[in-house]
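Here the structure comes first, spelled out in structure tokens, and everything after it is commentary.
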Amino acid sequence: MAAEKQYWLMKSEPNAYSIHDLKRDRTTYWSGVRNYQARNFMRDRMQIGDGVLFYHSNVEPVGVAGRAEVVKSGYPDHTAWDKKNKYYDTASLSSRPIWFMVDIRFVQACREVITLKRLKEIPALKTMAVLRKGNRLSITPVAPEEWEIIMKLPEWS
DNA sequence: GCCAACGTTGGC
DNA sequence: GCCAACGTTGGC
């Protein structure tokens with residue numbers, strides 16, 4: 001039985017890595033996540049073909065800037081083993097990795113960013129995990145209904 | 001730059 | 001196992 005297609009939202013600070021960087025690179029590995037909940041999504045749940053909303057955080061304007069898809073499911077994040085890397089973690093061993101990542105591929109950049117403000121104005125999106133007060137998770141699930149609504153917004157074309 | 005909200009750390 | 005202190009995230 002083929003797994004249902006799932007959807008996710010992944011936050012990135014565009015100063016560090018933007019949707020335009022992803023467009024240029026075509027694919028990238030999502031390294032540097034050092035939060036267990038987000039790690040679990042990548043390690044256990046994200047599958048090839050899953051849809052990804054690429055979200056720009058900590059910038060003006062904040063919001064969904066494009067979309068991508070998962071092209072490789074969870075595997076060990078090698079940056080945890082690199083002493084020179086910002087995300088180096090002595091506790092993560094190659095024989096027993098702690099941190100995981102997935103690969104994503106660019107699909108589309110929004111013509112205009114779908115701002116956080118705008119997402120908050122759509123009643124049917126009230127349940128979106130990323131909109132919950134105080135939420136800081138860098139990867140959150142997106143319900144299929146939420147994905148459908150977002151895909152119909154005019155900012156895409 | 002501020003600061004609320006949250007996750008992690010570590011003393012006990 | 002509790003919880004205060006601390007560090008980080010991220011909207012504003």
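All chains are named by letter (A, B, ...) in the order of the sequence lines, taking the proteins before the strands, and each is independently numbered beginning at 1.
For the pair A/N135 CG and C/dG10 C1', the interatomic distance rounds to 10 Å; values are reported in whole Å. For A/E13 and C/dG10, the CD to P distance is 7 Å, given to the nearest whole Å. At whole-Å resolution of the value, CG in A/L9 and C1' in C/dG10 are 13 Å apart. Atom CD in A/Q37 sits about 14 Å away from atom C1' in C/dT9, given to the nearest Å. Rounded to an integer number of Å, the gap from A/I139 CD1 to B/dG7 P is 15 Å. If you take NZ of A/K117 and C1' of C/dC12, they are 13 Å apart, rounded to a whole angstrom. Regarding A/Y87, its OH atom lies at a distance of 7 Å from the P atom of C/dT9, rounded to whole Å. The interatomic distance linking A/Y55 (OH) with C/dT9 (P) rounds to 15 Å, in whole Å.
Counting only heavy atoms from C-beta on, A/N58 has its side chain closest to C/dG10 among C/dG10, C/dC12, B/dA5.
Residue A/K11 places at least one side-chain N or O under 4.0 Å from the OP1 or OP2 atom of C/dG10. Listed pair A/K120 / C/dC12 meets the phosphate criterion, a side-chain N or O lying under 4.0 Å from OP1 or OP2.
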Checking side chain to side chain contact (heavy atoms under 4.5 Å, CB included) for the pair A/M101/A/Y75: CA distance, chi angles, key distance, verdict? CA-CA 6 Å; A/M101 59 190 183; A/Y75 64 106; 3.5 Å; yes

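Side-chain contact between A/I19 and A/F106 is present, with at least one heavy-atom pair separated by less than 4.5 Å. Contact check for A/L22 versus A/R67: no side-chain heavy atoms found under the 4.5 Å cut-off.
Comparing A/K133 and A/R34 by the nucleotide of DNA chain B that holds the closest heavy atom to each, the one mapping nearer the 5' end is A/K133.
Residues passing the ring pair (Phe, Tyr, Trp, His ring centres under 6.0 Å) test with A/H78 are A/Y29, sequence neighbours excluded.
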